[in-house]
Enquirer: 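One structure, as C-alpha coordinates, below. Some questions next.
Residue numbering restarts at 1 for every chain, and letters A, B, ... go by the order of the sequence lines.
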There are 2 protein chains.
Amino acid sequence: MPWEKTFDLDEATDKAIQVFWKKGYEGTSMADLIDGMQINKGSLYNAFGSKQELFDRALLRYDQKTRATFVADLSQWEDPVAAINAFFERLLDEAQSGPESLGCFIINTAQDLPNQTPEVVNIVRASLSELEEFFETMIARGHDSGRISADVQARPTAQALLSMVVGLRLLSRGAVDPSTLTSIKDSAMRLVTSS
Amino acid sequence: MPWEKTFDLDEATDKAIQVFWKKGYEGTSMADLIDGMQINKGSLYNAFGSKQELFDRALLRYDQKTRATFVADLSQWEDPVAAINAFFERLLDEAQSGPESLGCFIINTAQDLPNQTPEVVNIVRASLSELEEFFETMIARGHDSGRISADVQARPTAQALLSMVVGLRLLSRGAVDPSTLTSIKDSAMRLVTSS
DNA sequence: GACTATTTATACCGTTCGGTACAAACCGCA
DNA sequence: TGCGGTTTGTACCGAACGGTATAAATAGTC
(Lines give C-alpha, C1' and ligand atoms only; values in the text may rest on other atoms or scores of the structure.)
Protein backbone atom coordinates (compact mmCIF):
# COMPACT_ATOMS: atom_id res chain seq x y z
CA MET A 1 0.00 0.00 0.00
CA PRO A 2 1.79 3.05 -1.26
CA TRP A 3 1.73 6.73 -0.52
CA GLU A 4 -1.82 7.80 0.20
CA LYS A 5 -1.64 11.57 0.40
CA THR A 6 0.81 14.41 0.23
CA PHE A 7 -1.05 17.67 0.69
CA ASP A 8 -3.67 17.99 3.38
CA LEU A 9 -7.26 18.13 2.18
CA ASP A 10 -8.40 20.38 5.00
CA GLU A 11 -5.52 22.77 4.56
CA ALA A 12 -6.29 23.03 0.87
CA THR A 13 -9.97 23.57 1.67
CA ASP A 14 -9.03 26.37 4.05
CA LYS A 15 -7.22 28.14 1.26
CA ALA A 16 -10.20 27.64 -1.04
CA ILE A 17 -12.40 29.20 1.63
CA GLN A 18 -10.38 32.39 1.49
CA VAL A 19 -10.83 32.67 -2.25
CA PHE A 20 -14.56 31.89 -2.35
CA TRP A 21 -15.12 34.06 0.71
CA LYS A 22 -13.76 37.11 -1.01
CA LYS A 23 -15.02 36.62 -4.56
CA GLY A 24 -18.11 34.42 -4.27
CA TYR A 25 -18.91 31.41 -6.40
CA GLU A 26 -19.45 33.11 -9.75
CA GLY A 27 -16.64 35.57 -9.23
CA THR A 28 -14.09 32.84 -8.57
CA SER A 29 -12.37 31.10 -11.48
CA MET A 30 -10.51 27.82 -11.37
CA ALA A 31 -7.35 29.84 -12.04
CA ASP A 32 -8.07 31.88 -8.88
CA LEU A 33 -8.40 28.67 -6.90
CA ILE A 34 -5.22 27.14 -8.27
CA ASP A 35 -3.41 30.35 -7.41
CA GLY A 36 -4.85 30.57 -3.92
CA MET A 37 -4.61 26.89 -3.04
CA GLN A 38 -1.14 26.47 -4.51
CA ILE A 39 -2.17 23.15 -5.92
CA ASN A 40 -2.04 21.73 -9.37
CA LYS A 41 -5.13 21.58 -11.52
CA GLY A 42 -4.99 17.80 -11.77
CA SER A 43 -4.65 17.38 -8.03
CA LEU A 44 -7.54 19.73 -7.46
CA TYR A 45 -9.95 17.82 -9.65
CA ASN A 46 -8.65 14.50 -8.36
CA ALA A 47 -9.19 15.54 -4.76
CA PHE A 48 -12.39 17.60 -4.97
CA GLY A 49 -14.19 16.57 -8.15
CA SER A 50 -15.48 19.91 -9.36
CA LYS A 51 -15.72 23.59 -8.56
CA GLN A 52 -19.19 23.10 -7.13
CA GLU A 53 -18.17 20.23 -4.86
CA LEU A 54 -15.21 22.21 -3.63
CA PHE A 55 -17.48 25.16 -2.91
CA ASP A 56 -19.92 23.01 -0.95
CA ARG A 57 -17.08 21.53 1.06
CA ALA A 58 -15.54 24.93 1.70
CA LEU A 59 -18.83 26.45 2.81
CA LEU A 60 -19.61 23.59 5.17
CA ARG A 61 -16.15 23.58 6.66
CA TYR A 62 -16.19 27.34 7.17
CA ASP A 63 -19.49 27.10 9.00
CA GLN A 64 -18.30 24.34 11.26
CA LYS A 65 -14.91 25.83 11.99
CA THR A 66 -16.16 29.30 12.83
CA ARG A 67 -19.85 29.71 13.62
CA ALA A 68 -20.59 26.24 14.98
CA THR A 69 -17.63 25.89 17.33
CA PHE A 70 -17.88 29.46 18.57
CA VAL A 71 -21.58 29.18 19.31
CA ALA A 72 -21.02 25.86 21.05
CA ASP A 73 -18.42 27.49 23.27
CA LEU A 74 -20.58 30.46 24.12
CA SER A 75 -23.53 28.22 24.93
CA GLN A 76 -21.64 26.98 27.95
CA TRP A 77 -21.07 30.40 29.41
CA GLU A 78 -22.83 31.12 32.64
CA ASP A 79 -24.03 34.60 31.72
CA PRO A 80 -26.15 34.53 28.55
CA VAL A 81 -25.99 38.31 28.09
CA ALA A 82 -22.21 38.14 28.20
CA ALA A 83 -22.30 35.32 25.67
CA ILE A 84 -24.39 37.33 23.22
CA ASN A 85 -22.16 40.32 23.82
CA ALA A 86 -19.07 38.23 23.13
CA PHE A 87 -20.57 37.04 19.88
CA PHE A 88 -21.08 40.58 18.62
CA GLU A 89 -17.72 41.64 19.98
CA ARG A 90 -16.09 39.04 17.81
CA LEU A 91 -17.84 40.36 14.74
CA LEU A 92 -16.38 43.79 15.49
CA ASP A 93 -12.94 42.29 15.99
CA GLU A 94 -13.06 40.50 12.67
CA ALA A 95 -14.33 43.61 10.92
CA GLN A 96 -11.45 45.69 12.23
CA SER A 97 -8.56 43.27 11.93
CA GLY A 98 -6.65 43.54 8.71
CA PRO A 99 -7.04 46.03 5.89
CA GLU A 100 -10.30 44.84 4.42
CA SER A 101 -12.96 42.76 6.08
CA LEU A 102 -14.59 39.90 4.21
CA GLY A 103 -17.72 39.75 6.33
CA CYS A 104 -19.14 36.26 6.72
CA PHE A 105 -18.84 33.58 4.06
CA ILE A 106 -22.25 32.14 4.92
CA ILE A 107 -23.99 35.50 4.78
CA ASN A 108 -22.23 36.45 1.58
CA THR A 109 -23.58 33.26 0.10
CA ALA A 110 -27.03 33.86 1.56
CA GLN A 111 -27.24 37.04 -0.46
CA ASP A 112 -26.93 34.94 -3.60
CA LEU A 113 -29.33 32.16 -2.55
CA PRO A 114 -31.65 32.46 -5.58
CA ASN A 115 -28.76 31.43 -7.82
CA GLN A 116 -27.37 28.65 -5.64
CA THR A 117 -27.84 24.89 -5.70
CA PRO A 118 -30.23 23.17 -3.26
CA GLU A 119 -27.27 21.80 -1.32
CA VAL A 120 -25.90 25.28 -0.73
CA VAL A 121 -29.35 26.59 0.18
CA ASN A 122 -29.61 23.90 2.83
CA ILE A 123 -26.22 24.67 4.32
CA VAL A 124 -26.97 28.38 4.54
CA ARG A 125 -30.46 27.97 5.97
CA ALA A 126 -29.24 25.50 8.56
CA SER A 127 -26.42 27.78 9.65
CA LEU A 128 -28.63 30.84 10.02
CA SER A 129 -31.27 28.81 11.77
CA GLU A 130 -28.78 27.47 14.31
CA LEU A 131 -27.54 30.98 14.98
CA GLU A 132 -31.07 32.16 15.62
CA GLU A 133 -31.58 29.18 17.90
CA PHE A 134 -28.48 30.13 19.84
CA PHE A 135 -29.83 33.61 20.47
CA GLU A 136 -33.22 32.24 21.43
CA THR A 137 -31.71 29.76 23.88
CA MET A 138 -29.56 32.44 25.46
CA ILE A 139 -32.52 34.76 25.94
CA ALA A 140 -34.64 32.00 27.43
CA ARG A 141 -31.81 31.20 29.80
CA GLY A 142 -31.67 34.86 30.71
CA HIS A 143 -35.34 34.75 31.56
CA ASP A 144 -34.76 31.85 33.92
CA SER A 145 -31.86 33.46 35.71
CA GLY A 146 -33.54 36.87 35.83
CA ARG A 147 -30.81 38.55 33.83
CA ILE A 148 -33.17 39.34 30.95
CA SER A 149 -36.57 40.95 31.34
CA ALA A 150 -39.57 38.79 30.53
CA ASP A 151 -40.71 41.64 28.27
CA VAL A 152 -37.95 40.63 25.85
CA GLN A 153 -39.61 37.88 23.84
CA ALA A 154 -37.16 35.11 23.06
CA ARG A 155 -38.00 34.18 19.49
CA PRO A 156 -38.74 37.59 17.94
CA THR A 157 -35.73 39.13 19.60
CA ALA A 158 -33.53 36.28 18.43
CA GLN A 159 -34.72 36.90 14.89
CA ALA A 160 -33.99 40.60 15.24
CA LEU A 161 -30.49 39.81 16.50
CA LEU A 162 -29.98 37.55 13.50
CA SER A 163 -30.87 40.38 11.18
CA MET A 164 -28.46 42.70 12.96
CA VAL A 165 -25.69 40.15 12.60
CA VAL A 166 -26.46 39.96 8.91
CA GLY A 167 -26.53 43.73 8.58
CA LEU A 168 -23.34 44.19 10.53
CA ARG A 169 -21.53 41.53 8.54
CA LEU A 170 -22.61 42.83 5.19
CA LEU A 171 -21.91 46.46 6.02
CA SER A 172 -18.46 45.53 7.28
CA ARG A 173 -17.43 44.72 3.71
CA GLY A 174 -16.43 48.29 3.09
CA ALA A 175 -19.86 49.91 3.06
CA VAL A 176 -19.61 51.94 6.25
CA ASP A 177 -16.96 53.09 8.71
CA PRO A 178 -16.11 51.03 11.82
CA SER A 179 -17.88 53.37 14.24
CA THR A 180 -21.18 52.51 12.59
CA LEU A 181 -20.55 48.84 13.25
CA THR A 182 -20.04 49.58 16.94
CA SER A 183 -23.33 51.45 17.06
CA ILE A 184 -25.08 48.48 15.54
CA LYS A 185 -23.65 46.15 18.16
CA ASP A 186 -24.69 48.51 20.97
CA SER A 187 -28.24 48.69 19.66
CA ALA A 188 -28.37 44.93 19.37
CA MET A 189 -27.43 44.60 23.01
CA ARG A 190 -30.03 47.19 23.91
CA LEU A 191 -32.67 44.96 22.33
CA VAL A 192 -31.65 42.23 24.76
CA THR A 193 -31.18 44.23 27.94
CA SER A 194 -33.92 46.86 27.65
CA SER A 195 -36.57 47.23 30.36
CA MET B 1 -31.76 65.64 -38.85
CA PRO B 2 -33.24 62.15 -39.06
CA TRP B 3 -34.70 59.69 -36.65
CA GLU B 4 -33.06 60.07 -33.29
CA LYS B 5 -34.33 57.14 -31.21
CA THR B 6 -36.65 54.18 -31.42
CA PHE B 7 -36.51 52.28 -28.15
CA ASP B 8 -36.57 54.14 -24.87
CA LEU B 9 -33.29 54.26 -22.97
CA ASP B 10 -34.95 54.32 -19.56
CA GLU B 11 -37.28 51.47 -20.40
CA ALA B 12 -34.34 49.39 -21.54
CA THR B 13 -32.43 50.31 -18.39
CA ASP B 14 -35.39 49.20 -16.29
CA LYS B 15 -35.24 45.78 -17.90
CA ALA B 16 -31.50 45.63 -17.31
CA ILE B 17 -32.12 46.43 -13.64
CA GLN B 18 -34.25 43.31 -13.31
CA VAL B 19 -31.50 41.11 -14.69
CA PHE B 20 -28.63 42.60 -12.67
CA TRP B 21 -30.83 42.72 -9.58
CA LYS B 22 -31.40 39.01 -9.66
CA LYS B 23 -28.02 37.74 -10.83
CA GLY B 24 -25.50 40.39 -9.82
CA TYR B 25 -22.77 41.80 -12.03
CA GLU B 26 -20.57 38.72 -12.36
CA GLY B 27 -23.51 36.35 -12.64
CA THR B 28 -25.03 38.26 -15.53
CA SER B 29 -23.86 37.61 -19.08
CA MET B 30 -24.42 39.83 -22.08
CA ALA B 31 -26.67 37.06 -23.42
CA ASP B 32 -28.80 37.38 -20.28
CA LEU B 33 -29.08 41.11 -20.84
CA ILE B 34 -30.02 40.80 -24.50
CA ASP B 35 -32.67 38.26 -23.52
CA GLY B 36 -34.04 40.37 -20.70
CA MET B 37 -33.87 43.73 -22.44
CA GLN B 38 -35.21 42.40 -25.75
CA ILE B 39 -32.72 44.52 -27.58
CA ASN B 40 -30.14 43.69 -30.17
CA LYS B 41 -26.52 43.37 -29.24
CA GLY B 42 -25.49 46.17 -31.55
CA SER B 43 -28.10 48.53 -30.17
CA LEU B 44 -27.05 47.69 -26.64
CA TYR B 45 -23.41 48.56 -27.17
CA ASN B 46 -24.33 51.61 -29.24
CA ALA B 47 -26.63 52.92 -26.52
CA PHE B 48 -24.78 51.93 -23.35
CA GLY B 49 -21.14 51.41 -24.28
CA SER B 50 -20.26 48.42 -22.15
CA LYS B 51 -21.57 46.01 -19.55
CA GLN B 52 -19.98 48.05 -16.79
CA GLU B 53 -21.47 51.35 -17.95
CA LEU B 54 -24.88 49.72 -18.23
CA PHE B 55 -24.52 48.35 -14.72
CA ASP B 56 -23.58 51.74 -13.30
CA ARG B 57 -26.51 53.35 -15.04
CA ALA B 58 -28.90 50.64 -13.88
CA LEU B 59 -27.74 50.86 -10.28
CA LEU B 60 -28.04 54.62 -10.18
CA ARG B 61 -31.46 54.60 -11.80
CA TYR B 62 -32.71 51.92 -9.43
CA ASP B 63 -31.59 53.94 -6.44
CA GLN B 64 -33.24 57.10 -7.66
CA LYS B 65 -36.48 55.47 -8.76
CA THR B 66 -37.02 53.48 -5.58
CA ARG B 67 -35.09 54.51 -2.49
CA ALA B 68 -34.62 58.20 -3.24
CA THR B 69 -38.17 59.04 -4.26
CA PHE B 70 -39.73 56.96 -1.51
CA VAL B 71 -37.57 58.50 1.19
CA ALA B 72 -38.30 61.98 -0.18
CA ASP B 73 -42.02 61.27 0.06
CA LEU B 74 -41.80 59.91 3.58
CA SER B 75 -39.74 62.86 4.73
CA GLN B 76 -42.77 65.06 4.25
CA TRP B 77 -45.01 63.00 6.48
CA GLU B 78 -46.12 64.67 9.64
CA ASP B 79 -45.55 61.71 11.94
CA PRO B 80 -41.92 60.53 11.75
CA VAL B 81 -42.69 57.26 13.53
CA ALA B 82 -45.34 56.50 10.95
CA ALA B 83 -42.89 57.35 8.20
CA ILE B 84 -40.28 54.91 9.52
CA ASN B 85 -43.00 52.32 9.96
CA ALA B 86 -44.16 52.82 6.40
CA PHE B 87 -40.64 52.33 5.14
CA PHE B 88 -40.32 48.95 6.84
CA GLU B 89 -43.85 48.03 5.84
CA ARG B 90 -42.89 48.50 2.24
CA LEU B 91 -39.92 46.17 2.63
CA LEU B 92 -42.30 43.50 3.92
CA ASP B 93 -44.67 44.11 1.02
CA GLU B 94 -41.90 43.73 -1.52
CA ALA B 95 -40.62 40.62 0.18
CA GLN B 96 -44.02 38.97 0.07
CA SER B 97 -45.23 40.00 -3.37
CA GLY B 98 -44.49 37.51 -6.08
CA PRO B 99 -42.96 34.06 -5.85
CA GLU B 100 -39.40 35.00 -5.02
CA SER B 101 -38.11 38.22 -3.58
CA LEU B 102 -35.00 39.88 -4.99
CA GLY B 103 -34.22 41.96 -1.91
CA CYS B 104 -32.60 45.29 -2.71
CA PHE B 105 -30.35 45.89 -5.72
CA ILE B 106 -28.20 48.36 -3.79
CA ILE B 107 -27.74 46.04 -0.83
CA ASN B 108 -27.05 43.05 -3.06
CA THR B 109 -24.31 45.11 -4.64
CA ALA B 110 -23.04 46.32 -1.27
CA GLN B 111 -22.33 42.72 -0.36
CA ASP B 112 -19.92 42.56 -3.27
CA LEU B 113 -18.26 45.94 -2.70
CA PRO B 114 -14.68 44.63 -2.46
CA ASN B 115 -14.94 43.45 -6.08
CA GLN B 116 -16.66 46.52 -7.49
CA THR B 117 -15.35 49.59 -9.28
CA PRO B 118 -14.88 52.88 -7.44
CA GLU B 119 -17.92 54.33 -9.23
CA VAL B 120 -20.13 51.56 -7.92
CA VAL B 121 -18.67 51.88 -4.44
CA ASN B 122 -19.59 55.55 -4.45
CA ILE B 123 -23.15 54.94 -5.57
CA VAL B 124 -23.71 52.29 -2.90
CA ARG B 125 -22.13 54.27 -0.06
CA ALA B 126 -24.10 57.37 -0.98
CA SER B 127 -27.36 55.47 -1.09
CA LEU B 128 -26.85 53.79 2.28
CA SER B 129 -25.65 57.03 3.78
CA GLU B 130 -28.76 58.88 2.62
CA LEU B 131 -30.97 56.18 4.05
CA GLU B 132 -29.22 56.47 7.40
CA GLU B 133 -29.65 60.21 7.20
CA PHE B 134 -33.36 59.78 6.60
CA PHE B 135 -33.70 57.69 9.75
CA GLU B 136 -31.64 60.16 11.75
CA THR B 137 -33.72 63.11 10.56
CA MET B 138 -36.96 61.31 11.37
CA ILE B 139 -35.78 60.46 14.88
CA ALA B 140 -34.62 64.02 15.52
CA ARG B 141 -37.98 65.25 14.33
CA GLY B 142 -39.60 62.81 16.72
CA HIS B 143 -37.57 64.30 19.54
CA ASP B 144 -38.84 67.76 18.69
CA SER B 145 -42.46 66.75 18.54
CA GLY B 146 -42.20 64.55 21.60
CA ARG B 147 -43.22 61.40 19.74
CA ILE B 148 -39.85 59.77 20.32
CA SER B 149 -38.13 59.57 23.69
CA ALA B 150 -34.94 61.57 24.12
CA ASP B 151 -33.36 58.33 25.35
CA VAL B 152 -33.39 57.13 21.75
CA GLN B 153 -30.20 58.60 20.34
CA ALA B 154 -30.71 59.76 16.78
CA ARG B 155 -27.49 58.73 15.06
CA PRO B 156 -26.78 55.35 16.68
CA THR B 157 -30.39 54.30 16.35
CA ALA B 158 -30.44 55.37 12.72
CA GLN B 159 -27.39 53.20 12.12
CA ALA B 160 -29.05 50.28 13.84
CA LEU B 161 -32.14 50.72 11.68
CA LEU B 162 -29.92 50.74 8.62
CA SER B 163 -28.44 47.42 9.63
CA MET B 164 -31.90 45.96 10.18
CA VAL B 165 -32.96 47.11 6.73
CA VAL B 166 -29.89 45.40 5.34
CA GLY B 167 -30.58 42.23 7.31
CA LEU B 168 -34.23 42.16 6.38
CA ARG B 169 -33.49 42.73 2.71
CA LEU B 170 -30.81 40.09 2.51
CA LEU B 171 -32.76 37.50 4.46
CA SER B 172 -35.79 38.07 2.25
CA ARG B 173 -33.90 36.47 -0.65
CA GLY B 174 -35.07 33.03 0.36
CA ALA B 175 -33.05 32.61 3.55
CA VAL B 176 -35.88 32.69 6.09
CA ASP B 177 -39.67 32.49 6.15
CA PRO B 178 -41.83 35.64 5.98
CA SER B 179 -42.80 35.56 9.65
CA THR B 180 -39.18 36.16 10.57
CA LEU B 181 -39.16 39.28 8.43
CA THR B 182 -42.16 40.61 10.30
CA SER B 183 -40.43 40.01 13.63
CA ILE B 184 -37.45 41.97 12.41
CA LYS B 185 -39.61 44.91 11.44
CA ASP B 186 -41.36 44.86 14.81
CA SER B 187 -38.06 44.88 16.66
CA ALA B 188 -36.83 47.73 14.52
CA MET B 189 -39.85 49.79 15.49
CA ARG B 190 -39.27 48.85 19.11
CA LEU B 191 -35.82 50.42 18.89
CA VAL B 192 -37.47 53.69 17.88
CA THR B 193 -40.41 53.73 20.26
CA SER B 194 -38.94 52.12 23.38
CA SER B 195 -38.89 53.71 26.85
C1' DG C 1 -37.00 60.14 -53.40
C1' DA C 2 -32.48 61.29 -51.18
C1' DC C 3 -30.15 61.65 -46.95
C1' DT C 4 -28.89 60.08 -42.38
C1' DA C 5 -28.78 57.51 -38.48
C1' DT C 6 -30.58 53.49 -36.00
C1' DT C 7 -32.01 48.76 -35.73
C1' DT C 8 -31.44 44.07 -36.68
C1' DA C 9 -29.20 39.79 -37.77
C1' DT C 10 -25.25 37.35 -38.25
C1' DA C 11 -20.69 36.31 -38.32
C1' DC C 12 -16.60 36.85 -36.09
C1' DC C 13 -12.67 38.28 -32.77
C1' DG C 14 -9.43 36.86 -28.99
C1' DT C 15 -9.81 35.39 -24.28
C1' DT C 16 -11.32 32.90 -20.54
C1' DC C 17 -14.38 29.52 -18.76
C1' DG C 18 -14.73 24.66 -16.34
C1' DG C 19 -12.98 20.36 -17.17
C1' DT C 20 -10.04 16.45 -19.34
C1' DA C 21 -5.88 13.82 -21.02
C1' DC C 22 -1.42 12.31 -20.47
C1' DA C 23 3.32 11.59 -19.84
C1' DA C 24 7.04 12.38 -16.71
C1' DA C 25 8.67 12.99 -12.17
C1' DC C 26 7.81 11.61 -7.47
C1' DC C 27 7.31 8.91 -3.28
C1' DG C 28 6.45 5.17 0.12
C1' DC C 29 6.31 0.52 0.77
C1' DA C 30 7.36 -4.35 -0.39
C1' DT D 1 14.53 -2.43 -7.30
C1' DG D 2 10.08 -2.55 -8.70
C1' DC D 3 5.21 -1.65 -8.08
C1' DG D 4 1.15 1.73 -7.55
C1' DG D 5 -0.95 5.69 -6.70
C1' DT D 6 0.21 11.08 -6.53
C1' DT D 7 1.67 15.18 -8.07
C1' DT D 8 3.00 18.26 -11.64
C1' DG D 9 3.21 20.60 -16.04
C1' DT D 10 1.40 21.17 -20.19
C1' DA D 11 -1.46 20.68 -23.84
C1' DC D 12 -5.97 20.49 -25.13
C1' DC D 13 -11.28 20.38 -25.37
C1' DG D 14 -15.81 22.64 -26.56
C1' DA D 15 -18.42 26.24 -24.81
C1' DA D 16 -19.25 30.74 -23.20
C1' DC D 17 -17.29 35.18 -22.21
C1' DG D 18 -17.30 40.53 -23.50
C1' DG D 19 -16.96 43.05 -27.46
C1' DT D 20 -16.54 44.29 -32.65
C1' DA D 21 -17.70 44.40 -37.70
C1' DT D 22 -20.73 44.58 -41.26
C1' DA D 23 -24.43 44.73 -44.45
C1' DA D 24 -29.22 44.90 -45.20
C1' DA D 25 -33.47 46.67 -43.51
C1' DT D 26 -35.92 50.52 -41.40
C1' DA D 27 -37.81 55.12 -40.44
C1' DG D 28 -38.07 60.13 -39.96
C1' DT D 29 -36.63 64.67 -42.10
C1' DC D 30 -35.47 67.51 -46.07
Enquirer: Can you tell me if the side-chain N/O atoms of A/Ser43 get under 4.0 Å from OP1 or OP2 in D/dT6?
Expert: no
Enquirer: Under the ring-ring contact (aromatic ring centres under 6.0 Å, His included) definition, can you give me all pairs with a residue in residues 23-54 of chain B, not counting sequence neighbours?
Expert: B/Tyr25-B/Phe55
Enquirer: Any side-chain heavy-atom pair from A/Ile184 and A/Phe88 closer than 4.5 angstrom?
Expert: no
Enquirer: What does the inter-axis angle of the helix from C/dG1-D/dC30 to C/dA30-D/dT1 come out as, five pairs per end, nearest 10 degrees?
Expert: 0°
Enquirer: Run the side-chain contact (heavy atoms from CB on, under 4.5 Å) test against A/Leu60 and tell me which residues pass, sequence neighbours left out.
Expert: A/Gln64, A/Ile123
Enquirer: I need the CG-P distance between A/Leu44 and D/dG9, as an integer number of Å.
Expert: 13 Å
Enquirer: Could you tell me the separation between the CG atom of B/Asp8 and the P atom of C/dT6, rounded to a whole number of Å?
Expert: 15 Å
Enquirer: Could you give the side-chain donor-acceptor pairs of residues 97-106 of chain B under 3.5 Å, partners two or more places apart or in another chain?
Expert:
{"residue": "B/Glu100", "atom": "OE2", "partner": "B/Lys22", "partner atom": "NZ", "Å": "3.2"}
{"residue": "B/Ser101", "atom": "OG", "partner": "B/Gly103", "partner atom": "N", "Å": "3.2"}
{"residue": "B/Ser101", "atom": "OG", "partner": "B/Ser172", "partner atom": "OG", "Å": "3.4"}

Enquirer: Applying side-chain hydrogen bond (donor to acceptor under 3.5 Å, both in side chains), name anything that partners A/Asp63, two or more places apart in sequence or on another chain.
Expert: A/Arg67, A/Ser127
Enquirer: Checking B/Asp56 against B/Gln52: is there a side-chain donor and acceptor pair closer than 3.5 Å?
Expert: yes
Enquirer: Scan residues 31-46 of chain B for pairs that pass salt bridge (Lys or Arg N to Asp or Glu O under 4.0 Å), counting only residues two or more places apart or in two chains.
Expert: B/Lys23-B/Asp32
Enquirer: With the criterion being N/O to N/O and under 3.5 Å, what pairs connect the protein with nucleotides 18-21 of chain D, and how long is each?
Expert:
{"residue": "D/dG18", "atom": "OP1", "partner": "B/Thr28", "partner atom": "O", "Å": "3.2"}
{"residue": "D/dG18", "atom": "OP1", "partner": "B/Lys51", "partner atom": "NZ", "Å": "2.9"}
{"residue": "D/dG18", "atom": "OP2", "partner": "B/Met30", "partner atom": "N", "Å": "2.7"}
{"residue": "D/dG19", "atom": "OP2", "partner": "B/Tyr45", "partner atom": "OH", "Å": "3.0"}
{"residue": "D/dG19", "atom": "OP2", "partner": "B/Lys51", "partner atom": "N", "Å": "3.1"}
{"residue": "D/dG19", "atom": "O5'", "partner": "B/Tyr45", "partner atom": "OH", "Å": "3.4"}
{"residue": "D/dG19", "atom": "N7", "partner": "B/Lys41", "partner atom": "NZ", "Å": "3.1"}
{"residue": "D/dG19", "atom": "O6", "partner": "B/Lys41", "partner atom": "NZ", "Å": "2.4"}

Enquirer: Rounded to the nearest Å, what distance is computed from the CG atom of residue A/Leu54 to the P atom of nucleotide C/dG18?
Expert: 12 Å
Enquirer: Can you tell me how far C1' of D/dA16 sits from CG of B/Asp35, to the nearest Å?
Expert: 14 Å
Enquirer: Rounding to a whole Å, what distance do you find between A/Phe48:CZ and D/dT7:P?
Expert: 10 Å
Enquirer: Taking side-chain contact (heavy atoms from CB on, under 4.5 Å) as the definition, give me every residue that meets it alongside B/Ser75, ordered by chain and number, with sequence neighbours left out.
Expert: B/Val71, B/Phe134, B/Met138
Enquirer: Rounded off to whole Å, could you give me the CD1-to-C1' distance for the B/Ile34 and C/dT7 pair?
Expert: 13 Å
Enquirer: Determine which pairs satisfy salt bridge (Lys or Arg N to Asp or Glu O under 4.0 Å) with at least one residue from residues 81-98 of chain A, sequence neighbours left out, and list them in order.
Expert: A/Glu89-A/Lys185, A/Arg90-A/Glu94, A/Glu94-A/Arg169
Enquirer: Just how far, in rounded Å, is P of D/dG4 from CG of A/Asn46?
Expert: 18 Å
